[in-house]
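Everything numeric in this text was worked out from a predicted model, so none of it was measured. In the text below, chain A, chain B and the rest are named by the order of the sequence lines, each starting its count at 1.
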Amino acid sequence: MMNFHLPSAQIVEPNWLARLSPEVAPDLVGCILVRQFSDGTLLRGMIVETEAYGPNDPACHAYRRRTQRNGAMFGPAGRTYVYLIYGVYYCLNIVTDQEDIGSAVLIRALQLQSIPSWVEPHEGAKQHRVAAGPGKLCKVLQINLTLNDQVLQPGQPLWLEHRPPQFIPNLIQTTRIGLSKGADLPWRWYLKDCSAVSKV
DNA sequence: TCTAAGATGGCA
DNA sequence: GCCATCTTAGAA
């Protein structure tokens, strides 16, 4: 009733994410990832590239069994799964499907709504690519292990907003990047002709 | 306990 | 094309 006339973002709810990861991954392209820092500052970016990981998928961190690292993947949909890769970078996933099913969608690239002040000016013309890659986007959004297994909802450090219904993304579906196992599955999606994807 | 490999990214 | 860097998981 109240505020019905105001433009309000449609928040992505856990139920919407409680589907098979290869169904959720393309639907997340075009959605907005919102980062709220401890001082209240907001940073928004459109998801332009995703990958799905799920059961019976040898590339999935949860493929063999539940471990301390991958525990969040077995939790309910709508939470985060953050892990450290190569001892250097963090990667952000959105947990999908039912509880006890180890599955998630890796967020591989964002197109930022604005460039935060802490991005070095020398990035210059490449500023549109500061979140073009799973490690890069975690760096610019200041995502680390403290954001692992966190609920995605407004007021938390991270949440998701639906893409506008009139925006129909032009999606390319192809194989995932950087894998030695499960490399044949076409479970990567990205926005066609988008300069902010990790790799064309 | 030991070790190979990794859902990366930057630089030559 | 090469490699820094270090955690993790699986093997022994």
Side-chain angles (χ1 to χ4, degrees), chain A residues 17 20-29 31 33 45 47-75 77 79-97 101-112 115-116 118-150 152 158 171-191 194-200:
Chain A
L17 297 165
L20 299 178
S21 58
E23 293 180 21
V24 175
D27 287 351
L28 277 175
V29 175
C31 290
L33 178 68
I47 298 172
V48 296
E49 180 179 351
T50 59
E51 285 180 0
Y53 291 85
N56 306 314
D57 166 16
C60 180
H61 286 175
Y63 179 58
R64 291 178 180 274
R65 60 199 175 86
R66 193 171 189 151
T67 65
Q68 184 162 27
R69 177 173 71 156
N70 67 24
M73 293 186 87
F74 292 88
R79 301 176 72 98
T80 58
Y81 167 50
V82 179
Y83 67 92
L84 179 65
I85 183 71
Y86 295 111
V88 183
Y89 298 99
Y90 296 99
C91 291
L92 170 69
N93 294 254
I94 309 300
V95 176
T96 56
D97 214 318
I101 306 287
S103 72
V105 172
L106 172 68
I107 307 301
R108 286 196 54 92
L110 299 176
Q111 185 167 302
L112 296 183
I115 305 299
W118 55 86
V119 172
E120 295 293 333
H122 77 260
E123 297 274 356
K126 302 240 184 238
Q127 283 199 342
H128 64 113
R129 292 187 56 79
V130 293
K136 294 171 79 176
L137 76 89
C138 283
K139 184 181 175 190
V140 72
L141 293 193
Q142 299 177 22
I143 292 170
N144 56 39
L145 289 184
T146 66
L147 295 190
N148 180 45
D149 204 11
Q150 300 293 304
L152 290 155
L158 290 167
L171 285 180
I172 304 293
Q173 179 179 7
T174 180
T175 52
R176 298 173 294 182
I177 290 182
L179 308 180
S180 63
K181 295 167 292 189
D184 51 321
L185 291 172
W187 283 3
R188 173 179 175 236
W189 290 266
Y190 65 90
L191 255 191
C194 177
S195 64
V197 300
S198 71
K199 191 179 170 190
V200 183

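- Both thresholds, 5.5 Å between centres and 30° between ring planes, are not jointly met by A/Tyr86 relative to the base of B/dG9, so the two rings are not stacked.
- Residue A/Leu92 contributes atom CG, which lies 14 Å from atom P of B/dT8 at whole-angstrom precision.
- B/dA7 atom C1' lies 13 Å from atom CG of A/Leu185, rounded to whole Å.
- Between A/Ile143 and A/Leu158 there is a side-chain heavy-atom pair separated by less than 4.5 Å.
- Checking B/dG10, B/dA7, C/dT7 against the side-chain heavy atoms of A/Tyr89 singles out B/dG10 as nearest.
- At C/dT8, none of the side-chain N or O atoms of A/His61 fall inside 4.0 Å of OP1 or OP2 (strictly under the cut-off).
- Atom C1' of nucleotide C/dT7 and atom CG of A/Asn70 are separated by 14 Å, given to the nearest angstrom.
- To the nearest 0.5 angstrom, A/Tyr90 atom OH is 14.5 Å from A/Leu141 atom CG.
- Without hydrogens or angle criteria, A/Gln173 side chain to A/Pro186 main chain gives a donor-acceptor distance under 3.5 Å.
- Among B/dG10, B/dT8, C/dA9, the nucleotide with an atom closest to any side-chain atom of A/Arg65 is C/dA9.
- Residue A/Gly87 is the one, among A/Ser198 and A/Gly87, whose nearest nucleotide of DNA chain B lies closer to the 5' end (criterion: closest heavy atom).
- The side chain of A/Arg108 contributes an N or O atom lying less than 4.0 Å from OP1 or OP2 of B/dT8.
- Rounded to whole Å, atom P of C/dT8 lies 11 Å from atom CG of A/Asn148.
- In this structure, A/Lys199 atom NZ and B/dG10 atom C1' are separated by 15 Å, rounded to whole Å.
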_Step-by-step side-chain contact (heavy atoms from CB on, under 4.5 Å) determination, A/Arg188 to A/Ile177_ = CA-CA 8 Å; A/Arg188 173 179 175 236; A/Ile177 290 182; 3.5 Å; yes
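- Of the candidates C/dA9, C/dT7, B/dG9, C/dT7 carries the atom nearest the A/Leu84 side chain, counting heavy atoms from C-beta on.
- What separates OH of A/Tyr83 from C1' of B/dA5 is a distance of 14 Å, to the nearest Å.
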*Please walk me through it: do A/Val95 and A/Leu17 pass side-chain contact (heavy atoms from CB on, under 4.5 Å)?*
CA-CA 8 Å; A/Val95 176; A/Leu17 297 165; over 6 Å; no
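- Using a 4.5 Å cut-off on side-chain heavy atoms (C-beta onward), A/Leu110 and A/Val48 make no contact.
- Summarising the geometry, the separation between CD1 on A/Ile107 and P on B/dA7 is reported as 17 Å, rounded to the nearest angstrom.
- Nucleic acid contact for A/Arg69: sugar-phosphate only, since backbone atoms but no base atoms lie under 4.0 Å from a heavy atom of the residue.
- Checked against C/dT5, B/dA7, B/dG6, the side chain of A/Met73 finds its nearest nucleotide in B/dA7.
- The OH-P distance, from A/Tyr90 to C/dT8, rounds to 10 Å in whole Å.
- Taken together, the paired segments of DNA chain C that extend over three or more consecutive Watson-Crick or G-U pairs, each closer than 3.5 Å at both contacts, are B:1-6 with C:6-11, B:8-11 with C:1-4.
- Listed nucleotides: B/dT8, C/dT5, B/dG6. Nearest to the side chain of A/Ser180: B/dG6.
- Taking the nucleotide of DNA chain B with the nearest heavy atom to each of A/Gly133 and A/Lys181, the more 5' of the two is matched to A/Lys181.
- Distances from the side chain of A/Ile85 to the nucleotides C/dA9, B/dG9, B/dG6 place B/dG6 closest.
- Summarising the local packing, CG of A/Asn56 is surrounded by 12 or fewer heavy atoms from other residues, nucleotides or ligands at distances under 6.0 Å.
- For A/Arg176 (side chain) and A/Gly182 (main-chain N/O), a donor-acceptor pair under 3.5 Å exists by modelled atom type.
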